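Presented below is the structure to which this report refers.
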Amino acid sequence: MSNAPSNPAPTPTPAPGDFIREIVAQDNTDGKYAGRVITRFPPEPNGYLHIGHAKSICLNFGLALENNGRCHLRFDDTNPAKEDQEYVDSIMADVRWLGFNWGKHLYYASDYFQQLYDWAVLLTKSGLAYVCDLSADQISRMRGSLTQPGAPSPYRDRPVDENLDLLNRMRNGEFSDGSRTLRAKIDMASPNLNLRDPVMYRIAHAEHHRTGSKWCIYPMYDWAHGQSDWIEGVTHSICTLEFENHRPLYNWFIDNIAKLGGAPQNIPYQPNQTEFARLNLTYTVLSKRKLLELVKGGHVSGWDDPRMPTLSGFRRRGYTPESIGHFARSVGVTKFDSVIDISRLENALRDDLNKRAPRRMGVLNPLKLVIDNYPDGQSEDLDAVNNPEDPSAGTRKIPFSKVLYIEQDDFREVPPPKYHRLTPGQEVRLRYAFFVRCTSVSKDENGVITEVHCTYDPATRGGDSPDGRKVKGTIHWVSADHAAEAEVRLYDHLFKQEDPNDVPDGQSYLTNLNPNSLVVISNAKLEPSLKEAANGERYQFERHGYFCVDMRDSKPGKPIFNRTVSLKDTWSKLEKKK
RNA sequence: UGGGGAUUGGUGUAACGGUAGCACAGCAGUCUCUGAAUCUGCUUGUCUAGGUUCGAAUCCUAGAUCCCCAGCCA
């Protein structure tokens with residue numbers, strides 16, 4: 001059985017029953033959509049997916065799975081200036097990695113450009129839209145404020161024929177970028193600013209990643225989104241809180257198109273939007289703008305840097321898709337703008353990896369341990385359990401010899417209270433090997449310990465004493481002659497502040513970057529078998545944490561290990577308290 | 001300030017007029033050939049003030065606080 005990255009079959013959860021699932025269940029019993037449940041995940045391809053998207057993906061695909069419906073993957077690609085095929089590809093890979101399948105239901109808002117245009121003509125013909133010659137700046141100034149109503153554009157009452165002509169010429173490329181817009185004629189005094197004659201089309205002579213140069217006017221998101229759902233027959237259009245204010249606009253567009261007889265054929269209902277709170281995590285930024293800034297500014301090595309909260313970052317870090325899915329479902333769905341403790345995510349991961357990750361021994365900060373009464377040049381193989389949580393994982397052999405490496409932290413010349421590890425005169429167990437007792441230490445001219453000497457008890461072979469003698473501590477080790485040397489990358493939170501955006505006035509969240517978020521250990525000593533570890537494989541290094549073979553920088557026979565997450569460490573907590 | 005949302009322990013989340021429960025974190029134990037995992041116990045909460053009711057986290061009234069909206073971004 002491989003522990004490499006896998007594509008899990010998502011199991012429909014036993015209906016946790018959040019408020020959205022309640023709405024869907026109610027609609028089903030009411031027969032509102034004749035039992036149909038059609039959702040969609042609608043990313044803009046302008047960045048990589050992050051853990052917040054996972055929440056939305058699990059919600060939308062989960063709802064479809066639980067209700068025998070379907071979930072569409074639709075790219076809302078209405079702004080060619082920011083979008084790119086690279087993002088389309090990564091988004092599809094990430095959704096698949098999470099274990100979801102959109103089947104044949106892959107769509108693009110750009111597929112609907114013609115339909116959207118036809119509808120714009122329809123609204124214009126009936127006087128519900130007009131071409132406005134105001135500049136962006138003028139429109140902004142005339143929009144009014146939160147408390148002041150806006151002023152009507154001088155072009156608001158342009159004759160229909162003129163509007164139609166101008167719209168046509170906009171489309172034909174006769175005007176320069178930004179010189180004109182098509183606007184909906186709604187209400188410049190509306191307390192909802194989204195209804196103050198919103199822009200439907202802007203002119204942009206830009207190359208679109210799918211439509212090329214076919215169009216030089218592009219629909220605004222607000223003009224495209226609701227109708228895209230409608231065209232696809234989406235029943236439950238689920239989005240985040242900030243779009244709550246836009247819902248009346250989506251409904252205005254759809255209602256008016258329907259009134260004018262423009263409803264899509266075979267769709268006897270309209271999509272209904274429900275909003276929920278987006279995910280926030282401690283020690284993490286999840287704004288696309290900021291993630292892009294981290295990448296472009298070189299603060300991380302790329303979108304898939306293992307410290308990034310992107311799905312590709314988590315994947316490379318060693319997270320399992322199951323743990324992310326489980327986490328995403330466990331945080332619940334509400335309208336409360338909450339912040340989830342990152343330890344919840346890490347806990348979901350440990351939970352999963354504890355059950356499936358094979359155990360290995362690895363020494364990160366080596367200290368030589370010499371067993372004085374062990375024969376020179378001799379070695380022997382000892383049996384070690386691969387995974388105590390999973391008997392079917394079997395056992396393996398580990399070579400033992402006179403000179404070993406142990407962890408520097410596992411020896412103290414003067415032990416603090418409650419220290420259970422190696423210390424002069426004390427006996428500990430070398431895991432799966434022998435009891436050893438420390439007899440002396442060697443130091444260099446600076447007083448730094450270079451070697452620890454001990455004697456072993458041959459009768460304790462395997463790790464148990466026939467006389468029933470107990471030891472307080474068990475430490476891990478690697479045979480010096482047999483050790484595989486490897487680079488190990490220790491990752492910590494990217495930000496040192498729980499809320500990275502909590503900064504003194506005028507300062508950037510970047511000042512909260514954690515300078516120790518990556519610590520590279522270049523000469524870790526690992527169990528020999530690890531030398532052949534394959535890309536993406538995950539292990540528990542006993543007493544350290546979970547590690548995976550980096551899929552980007554590892555070379556065959558020369559793996560690099562990423563620490564995915566450390567094991568809980570009550571000893572270091574105890575020690576820090578002192 | 002106009003509009004739209006929201007408010008239950010430290011952090012999240014459930015309870016839909018009838019015992020405030022669960023998870024994570026924290027604390028104290030248990031167990032252990034991983035100071036991990038396991039197992040046990042504990043601490044901590046209904047934003048405020050009134051009202052309705054036998055009974056209110058839940059209904060009503062008033063207030064407080066927080067989030068979102070003034071892109072030709074999504």
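Hydrogens, waters and symmetry mates are skipped; everything else that's a heavy atom, side chains included, is used. Chain letters run A, B, ... following the sequence lines, proteins first and then strands; every chain starts at 1. Values in this document were obtained by computation on a predicted structure and should not be read as measured data.
Taking side-chain N and O atoms only, A:Arg247 has no distance below 4.0 Å to OP1 or OP2 of B:G4. In this structure, A:Ser343 does not reach the B:U11 phosphate: none of its side-chain N or O atoms is under 4.0 Å from OP1 or OP2. Within the structure, a side-chain polar atom (N or O) of A:Lys573 is placed less than 4.0 Å from OP1 or OP2 of B:G26. Regarding contacts with the backbone of B:A36, every side-chain N or O of A:Arg359 stays at 4.0 angstrom or more from both OP1 and OP2.
Under the 30°/60° scheme for interplanar angles, the aromatic rings of A:Tyr250 and A:His225 are found to be tilted.
A donor and an acceptor atom never sit less than 3.5 Å apart when one is taken from the side chain of A:Glu275 and the other from the base of B:C68. A donor N or O paired with an acceptor N or O is not found under 3.5 Å between the base of B:U11 and the side-chain atoms of A:Arg344. A donor N or O paired with an acceptor N or O is found under 3.5 Å between the base of B:G35 and the side-chain atoms of A:Arg421.
Taking the side chain as every heavy atom from C-beta outward, A:Phe75 and A:Pro43 approach each other to under 4.5 Å.
Note on A:Tyr419: a base of the nucleic acid sits closer than 4.0 angstrom, heavy atoms only. Using a 4.0 Å heavy-atom distance criterion, A:Ser145 is classed as a base contact.
For A:Glu407 and A:Arg543, the salt-bridge test fails: no basic side-chain N is under 4.0 Å from an acidic carboxylate O.
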